[in-house]
Amino acid sequence: MIKHILKIIRNESKSNLALWLELAVVAIFLWFIVDNLYVILSMYYKPLGFDIKHTYMMKLGYLSESSEGYRADYTEEQQIGFMEDIMERLTHDPKVEVAAFCIQSAPYEGSWSTSSIFRDTFQINALYRYVSPDFFKVYKYQSINGSTDELVEALKRREWIITPDIVEALAPDGANPIGMIVNQNKERAMKGEGATVGAVSKPVRLDDFDDFSSYYAFPMGYNIFKYYANQDIQYFQFPIRVKAEYDKDFKHYFWKELAPRLRAGNFYAQELTYIPDNKASFQRSQTNELKTKGLLVLFLLVNIFLGVMGVFWFRTQARRQQIGLRMVLGDTPRGVLWKFYAEGLIILTTAMIPSMIVMYVLSRNEMINVEYMDFTVLRFLIGLAIAFGLLCTMMMIGIWLPTRKAISISPAVALAEE
């Protein structure tokens with residue numbers, strides 16, 4: 001049957017050449033669209049490394065000098081004590097699962113800090129996070145061993161936590177990262193001075209649209225509390241995880257019952273944000289951009305679909321007399337249909353060969369998006385397979401619809417038309 005189909009393709013070489021060129025060009029264009037969409041969706045659905053369900057962010061305010069109850073004679077030690085008292089009251093509330101301190105470390109807040117971290121002469125630039133141990137419980141960070149407690153205990157021992165890519169950069173010799181001495185200061189690191197690494201965390205992404213996941217965390221020291229125990233308390237963050245059964249009405253409960261109990265010294269509860277809501281507003285522009293891209297891709301796919309399907313439809317419709325004649329000569333409806341499928345598949349497959357070469361050249365010359373995903377053979381093959389599958393689907397529909405009608409033609413009509 002294959003020899004017979006190849007003979008038919010050769011006999012209609014002029015029309016088949018035009019179809020072959022069209023499919024080759026469309027395949028390249030379709031692969032480019034599919035690859036871009038695959039990269040965006042792969043990044044979007046990649047594990048974030050944290051969990052924001054039932055989480056809130058509380059921020060404190062500081063009374064002005066004209067406010068009732070303001071006192072100017074509190075010492076730094078007293079101010080820090082008030083902050084610790086507030087945390088104590090939070091953590092002992094029956095509706096709160098866990099609460100923590102942090103600075104520029106929480107997700108979907110739009111603020112973070114980066115710095116280099118050194119081990120001897122090795123270095124890497126990464127995010128750094130000032131957090132209290134229970135921060136990892138609030139957002140359910142996990143170590144590479146799948147344990148949250150491992151991270152919590154390391155920070156309680158005042159040891160640092162790093163991620164796997166930092167391990168690769170600072171220990172290219174394959175040294176065990178646990179117990180490794182690291183520092184933010186290069187000179188001290190070269191002298192072997194610094195903090196001890198106590199745990200390795202799983203990668204934690206910035207957000208759904210950013211793949212950057214290198215971070216190191218270290219415990220808050222006295223100087224940090226001292227710096228923020230004043231009017232700058234508004235920049236100090238209190239992430240909270242609420243027990244699931246109390247999440248629904250927690251905001252109402254917080255302002256009615258909990259917030260008044262959090263007044264201490266000149267500090268008071270000023271703001272409470274539900275993190276999932278914050279996520280929606282924080283990522284609104286990226287989400288809208290993704291939706292716009294999705295609609296554009298859908299529009300292009302529909303046009304490609306109609307174009308390819310239309311070509312095969314017209315091509316098959318023009319051969320309806322040939323289909324009827326084959327039926328007269330003993331071919332079954334299914335046999336006729338599969339011959340047309342095989343013919344289209346051979347043309348499409350051969351058209352994909354030069355397309356693959358062009359696709360590969362474009363990929364190697366970084367004409368595609370490599371910001372969020374490196375170009376690999378697997379990525380190339382996935383995009384190619386999806387594009388080929390879509391074209392096959394379009395081709396089969398374009399053949400099946402007119403063929404289904406043509407195979408019902410009367411033999412007498414077919415012979416008369418032929």
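The closest side-chain heavy-atom distance from Val204 to Leu48 is not below 4.5 Å. Within the 4.5 Å cutoff, the side chain of Trp20 has heavy atoms near those of the Pro354 side chain. Counting heavy atoms from C-beta on, the side chains of Met57 and Ile275 come closer than 4.5 Å. The shortest distance between side-chain heavy atoms of Glu153 and Phe136 does not fall below 4.5 Å. Between Thr349 and Phe388, the closest side-chain pair of non-hydrogen atoms falls below 4.5 Å. Side-chain contact between Leu384 and Met359 is present, with heavy atoms from C-beta onward closer than 4.5 Å. The closest side-chain heavy-atom distance from Ile103 to Tyr228 is below 4.5 Å. Under the 4.5 Å side-chain criterion, counting only non-hydrogen atoms from C-beta, Val138 is in contact with Thr55.
Between the side chain of Thr350 and the main chain of Ile347, a donor-acceptor pair closer than 3.5 Å is present. The backbone N or O of Leu63 sits nowhere less than 3.5 Å from a side-chain atom of Ser67 that would complete a donor-acceptor pair. Of the possible donor and acceptor atoms, one in the side chain of Arg205 sits under 3.5 Å from a partner among the backbone N and O of Asp210. Of the possible donor and acceptor atoms, none in the side chain of Gln237 sits under 3.5 Å from a partner among the backbone N and O of Met58. Between the side chain of Arg119 and the backbone N or O of Pro177 there is no donor-acceptor pair closer than 3.5 Å. With Ser66 contributing its side chain and Ser64 its backbone, the two residues share no donor-acceptor pair below 3.5 Å. Checked by atom type and distance alone, the side chain of Ser355 pairs as donor or acceptor with a backbone atom of Ala24 at under 3.5 Å.
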> What do the steps show when you test Asn183 against Glu193 for side-chain hydrogen bond (donor to acceptor under 3.5 Å, both in side chains), and what is the final call?
Replying inline: CA-CA 7 Å; Asn183 205 313; Glu193 301 174 358; 5.6 Å; no
> How far apart are the C-alpha atoms of Thr148 and Glu150, what are their side-chain angles, what is the distance that settles it, and do they pass the side-chain hydrogen bond (donor to acceptor under 3.5 Å, both in side chains) test?
Replying inline: CA-CA 5 Å; Thr148 299; Glu150 186 179 343; over 6 Å; no
>> Working note: Asp134 + Arg241, criterion salt bridge (Lys or Arg N to Asp or Glu O under 4.0 Å); need CA distance, chi angles, decisive distance, verdict.
In response: CA-CA 10 Å; Asp134 284 340; Arg241 174 169 288 274; over 6 Å; no
> Could you go step by step and tell me if Phe305 and Ile397 meet the side-chain contact (heavy atoms from CB on, under 4.5 Å) rule?
Replying inline: CA-CA 10 Å; Phe305 178 82; Ile397 294 175; 3.8 Å; yes
>> side-chain hydrogen bond (donor to acceptor under 3.5 Å, both in side chains), that's the test. Do Asp208 and Gln283 meet it? Break it down for me.
In response: CA-CA 8 Å; Asp208 303 65; Gln283 295 187 156; 3.3 Å; yes
> side-chain contact (heavy atoms from CB on, under 4.5 Å) between Val200 and Ile161: does it pass, once the steps are laid out?
Replying inline: CA-CA 6 Å; Val200 179; Ile161 294 163; over 6 Å; no
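Checked against salt bridge (Lys or Arg N to Asp or Glu O under 4.0 Å), Glu76 has the following partners two or more places apart in sequence or in another chain: Lys226. Among residues two or more places apart in sequence or in another chain, the ring-ring contact (aromatic ring centres under 6.0 Å, His included) test is passed with Tyr44 by Phe209. Tyr62 is linked by a ring-ring contact (aromatic ring centres under 6.0 Å, His included) to Phe267, counting only residues two or more places apart in sequence or in another chain. Listed by chain and number, the residues in a salt bridge (Lys or Arg N to Asp or Glu O under 4.0 Å) with Arg157 are Glu159 (sequence neighbours excluded). Listed by chain and residue number, Tyr108 satisfy the ring-ring contact (aromatic ring centres under 6.0 Å, His included) test with Phe50 (two or more places apart in sequence, or in another chain). Qualifying side chain to side chain contact (heavy atoms under 4.5 Å, CB included) partners for Glu84, counting only residues two or more places apart in sequence or in other chains: Ile80. With sequence neighbours left out, the ring-ring contact (aromatic ring centres under 6.0 Å, His included) criterion links Phe135 to Tyr139, Tyr141. Lys46 pairs by the salt bridge (Lys or Arg N to Asp or Glu O under 4.0 Å) definition with Asp211, not counting sequence neighbours. Residues meeting the side chain to side chain contact (heavy atoms under 4.5 Å, CB included) test with Gln78, sequence neighbours left out: Tyr74, Thr75, Phe82.
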Side-chain donor-acceptor pairs of residues 246-253 under 3.5 Å, sequence neighbours excluded:
| residue | atom | partner | partner atom | Å |
| --- | --- | --- | --- | --- |
| Asp247 | OD1 | Tyr56 | OH | 2.6 |
| Asp247 | OD2 | His54 | ND1 | 2.8 |
| Asp247 | OD2 | Tyr274 | OH | 3.3 |
| Tyr253 | OH | Asp93 | OD1 | 2.6 |
| Tyr253 | OH | Asp93 | OD2 | 3.2 |
| Tyr253 | OH | Arg261 | NH2 | 3.2 |

Listed pairs under 3.5 Å, donor-acceptor, residues 29-41 side chains, sequence neighbours left out:
| residue | atom | partner | partner atom | Å |
| --- | --- | --- | --- | --- |
| Asp35 | OD1 | Arg379 | NE | 2.9 |
| Asp35 | OD2 | Arg379 | NH2 | 2.7 |

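Sparse packing is recorded around CD of Glu65, with 12 or fewer heavy atoms of other residues, nucleotides or ligands lying under 6.0 Å away. Annotation: Phe299, atom CZ; neighbour count of heavy atoms from other residues, nucleotides and ligands within 6.0 Å does not exceed 12.
Across all their heavy atoms, Ile86 and Ala264 have their closest contact at CG1-CB, 4.0 Å. Closest approach of Pro107 to Ile52, counting heavy atoms only: CG-CG2, 4.0 Å. Scanning all heavy atoms of the two residues, the minimum distance from Tyr215 to Arg129 falls at CG-NH1, 3.1 Å. Closest heavy-atom contact between Lys59 and Phe236: CG-O, 4.1 Å. Nearest heavy-atom pair, Val152 versus Pro133, reported as atom, atom and distance to 0.1 Å: CG2-O, 3.5 Å. Closest approach of Gln142 to Leu151, counting heavy atoms only: C-CD1, 3.7 Å.
From Ser132, atom OG reaches atom CG of Leu155 across 7.5 Å, with rounding to the nearest 0.5 Å. Atom CZ of Arg89 and atom CZ of Arg263 lie 10.5 Å apart (nearest 0.5 Å). The CZ atom of Phe282 sits 13.0 Å away from the OG1 atom of Thr273 when rounded to the nearest 0.5 Å. The CD1 atom of Ile224 sits 12.0 Å away from atom SG of Cys102, with the distance rounded to the nearest 0.5 Å. Here CG of Leu258 is found 5.5 Å from CG of Leu90. Values are rounded to the nearest 0.5 Å. The distance from the CE atom of Met180 to the CD1 atom of Ile166 is 9.0 Å, given to the nearest 0.5 Å.
Every pair passing ring-ring contact (aromatic ring centres under 6.0 Å, His included) that includes a residue from residues 158-196 is listed here, sequence neighbours excluded: Trp160-Tyr216, Trp160-Phe218.
Side-chain contact of Thr163 with Asp165: a donor-acceptor pair under 3.5 Å is present, judged by distance alone. Between Ser113 and Gln104, the side chains place a donor N or O and an acceptor N or O closer than 3.5 Å (distance only, hydrogens not considered).
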